[in-house]
Protein chains: 2
Amino acid sequence: MVRPVTAGTRGASIRDVARAAGVSISTVSRVVNGTAPVAPATRERVEAAIEALGYRPSAIARQLASRSSGTVGLLVPHLSDPACAMVAEGVEAAARARKLSVILCQTGSCGEAEHLVRLAELRVAGVVVVASEPDGEEPRDGCYRTLAGEVPLVLAGTGAGAVRVDEREAGYLAAGHLLELGHEKLAFLGGSAGSTVVRRRLEGIERALREAGMEYGSTLHLPGGSGFEDGRAAFGRLARREDRPTGLVCVSDLLAAGVLRAAAEMDLGVPEDLSVVGIDDVSLSRCFSPPLTTVARPLRELGRLAVEELVALMAGSEPGTCELKPELVVRGSTGPPDGREEG
Amino acid sequence: MVRPVTAGTRGASIRDVARAAGVSISTVSRVVNGTAPVAPATRERVEAAIEALGYRPSAIARQLASRSSGTVGLLVPHLSDPACAMVAEGVEAAARARKLSVILCQTGSCGEAEHLVRLAELRVAGVVVVASEPDGEEPRDGCYRTLAGEVPLVLAGTGAGAVRVDEREAGYLAAGHLLELGHEKLAFLGGSAGSTVVRRRLEGIERALREAGMEYGSTLHLPGGSGFEDGRAAFGRLARREDRPTGLVCVSDLLAAGVLRAAAEMDLGVPEDLSVVGIDDVSLSRCFSPPLTTVARPLRELGRLAVEELVALMAGSEPGTCELKPELVVRGSTGPPDGREEG
DNA sequence: CTGTTAGCGCGTTCAG
DNA sequence: CTGAACGCGCTAACAG
């Protein structure tokens, strides 16, 4: 068995290759990087030497000499949150396509400050910050303070981010769908009342209401978290009301799952007695019973675009903004309010 | 607005600090690293200079000079797979605790070879490879060939990995639970027939059968994938059989979700007509209807231990192995075969 | 087309 | 306790 070498016995360096090929190190550098033309014969000798010695250029030395690390930082709350994981997936894929390496940092269980310091020392070319969905608000002063003016940074996913989802549209789509089915009383469940994302979703809902000629300006909002238990709790509170809405828009799919469960526990049929629509379209929402109708947020794409924006920033562009359109995905958790179409 | 500097106007270097403090760079190095005693007075001057100049040591230069990058590579199939994401979460957390940075690489949609090359050039101190659950088999020759003898590498999650779950126990727990409830006909759904993980789970199931005094040696196994649709398909095939088993062990929670759906579509009640147990306990399995009984694999812990093993390897230890115990999590998808305890 | 010469920013001896 | 000097592995002008 080959013992892994920890250090010292490191592989061949550019100098070894140069010596073996009988050329100077610059020539080796040139054939490796294609920086300048090299005579076919010389190139072959060099390539042979590289092959023979198993030479692998040191990215570290490269970074030092060229003062540019081909790496970016990725700050994400928790990978265990499916929505975050999705964005991260998009970021990694896009970065790879751009030949950038990504350094993964989870900020959920620690101050992001320490990560930021490390990233700064690593001289990352840029940073993508994924906001904790759907709460994350405010331009993350912490980030800006530490890195602003040092490194391009793009905030993704939050209402204030450079790359975000059109949250008004998300609310509009969800409410529009419910209204079209005939629901007249709607409610929005979960999310912190003050957050930009929630505010925009409510605006979208009210626009739908207005367009449908319904009363508006006071959509019922039961604020709270965005998890499964928050959904159960929210529905518990809702169910007690005399004028229980029949069309529910949830701040996230996870919360919607909690609502589904609570409804089942109270023997309320979905969608016969109650229609529920989530927001996100995480991969498991089709696994719920009934499969969840939801407004899909293009999370992977969001990650991809965050990298594109970052690359633009690194190239010197002025900061821009882009807003992705969400899409309605109709599955089984929504139907007419009286269950008239029940099979 | 502060314009991000792309390069050139880089922050202060150790030399700038030395000059500002009126000392030599070695002294600065010493106060920064605590490498050797420094006179209190000098130290203060240096620290003041550091603060004043906003000096941030270059990890890159440090890595080059000390020939050791404090980074590890993390190879994971897809972050969108909740199980992988969970392992990744553990890896990042453990690495952070060890002051290691992790470079994220998704191998699902590309050859891992290119990632490995990049990681080798980056001179990572080690690599954690997360097997694609639950298929990933074989010691990943690709990895070994590229990195063996160059960098410590630990395989996590697969049957052959250095850090893995006791899959026999997983099968045993699932089957034991079903048997205890009174089921007599069991089946195992999904997973490739040849994989070590699946083989071990089947062994565990048969041990449970044996201990219960049942016939064994021929547990029905319907191989296939491990996704939601695979679950629907598998159950479709199963339902056609005259002697349909009433106790189903699924290769993954996702597949179990598919089984749940298929059963619902055929108007079979779970757990009255059919008991289903998954494996993994991804966070959303409690959101299914009924909530899924499952064998939890300590995935986050798996990631953590993979890093510990890696650190040991980096320190020169001989390769070791550790096997984590899974745990049964009883929820609502299992019950007596005749539904006698139905509420 | 090719070799020489400077650094990149820092750790690390080795003399004071 | 401190400073000078060398080198990590490579890129980037410059001269040929």
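To find a chain, count down the sequence lines: A is the first, B the second, and so on, and within it residues start at 1. All values below were derived from every heavy atom in this structure, side-chain atoms included, with hydrogens, water molecules and symmetry-related copies excluded.
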Heavy atoms from C-beta onward define the side chain here; which of [options] lies closest to that of [X]?
{"X": "B:T27", "options": "D:dC10, D:dT2, D:dC8", "result": "D:dT2"}
{"X": "B:A39", "options": "D:dG9, C:dC10, D:dT2", "result": "D:dT2"}
{"X": "B:V23", "options": "D:dG3, D:dC10, C:dG11", "result": "D:dG3"}
{"X": "A:R62", "options": "D:dG9, D:dT11, C:dC1", "result": "D:dT11"}
{"X": "B:R67", "options": "D:dC8, C:dT2, D:dC10", "result": "D:dC8"}

What is the distance, rounded to the nearest whole Å, between atom [atom1] of [X] and atom [atom2] of [N]?
{"X": "A:I25", "N": "D:dA12", "atom1": "CD1", "atom2": "P", "value": "12 Å"}
{"X": "A:I14", "N": "D:dG9", "atom1": "CD1", "atom2": "P", "value": "11 Å"}
{"X": "B:R43", "N": "D:dT2", "atom1": "CZ", "atom2": "C1'", "value": "14 Å"}
{"X": "A:L64", "N": "C:dC10", "atom1": "CG", "atom2": "C1'", "value": "8 Å"}
{"X": "B:E121", "N": "D:dG9", "atom1": "CD", "atom2": "P", "value": "15 Å"}
{"X": "B:L122", "N": "D:dG9", "atom1": "CG", "atom2": "C1'", "value": "14 Å"}
{"X": "A:R30", "N": "D:dA13", "atom1": "CZ", "atom2": "C1'", "value": "11 Å"}
{"X": "A:N33", "N": "D:dG9", "atom1": "CG", "atom2": "P", "value": "17 Å"}

Do the side-chain N or O atoms of [X] get closer than 4.0 angstrom to the phosphate oxygens (OP1, OP2) of [N]?
{"X": "A:S26", "N": "C:dT2", "answer": "no"}
{"X": "B:S24", "N": "D:dG3", "answer": "yes"}
{"X": "B:R15", "N": "C:dC8", "answer": "yes"}
{"X": "A:S66", "N": "D:dA12", "answer": "no"}
{"X": "A:S29", "N": "D:dT11", "answer": "yes"}

Could you tell me whether B:T42 contacts a base, only the sugar-phosphate backbone, or nothing, with contacts defined as non-hydrogen atoms closer than 4.0 Å? sugar-phosphate

Point-to-point distance, once rounded to the nearest 0.5 Å, from SG of A:C110 to NE2 of A:H115: 3.5 Å

Check whether the side chains of A:R118 and B:S101 place a donor and an acceptor atom closer than 3.5 Å, and report yes or no. yes

On DNA chain D, check which nucleotide each of B:P40 and B:A61 is closest to and give me the residue with the more 5' one. B:P40

Between B:R164 and B:E323, does at least one N-O distance fall below 4.0 Å, as a salt bridge requires? yes

Taking all atoms of both residues into account, what is the closest heavy-atom pair of B:T158 and B:A131, and its distance? CB-CB, 3.3 Å

Residue pair A:G22/A:A65 against DNA chain C: nearer the 5' end by closest nucleotide is A:G22

Determine yes or no for a side-chain-to-main-chain donor-acceptor pair under 3.5 angstrom, with B:S317 supplying the side chain and B:A312 the backbone. yes

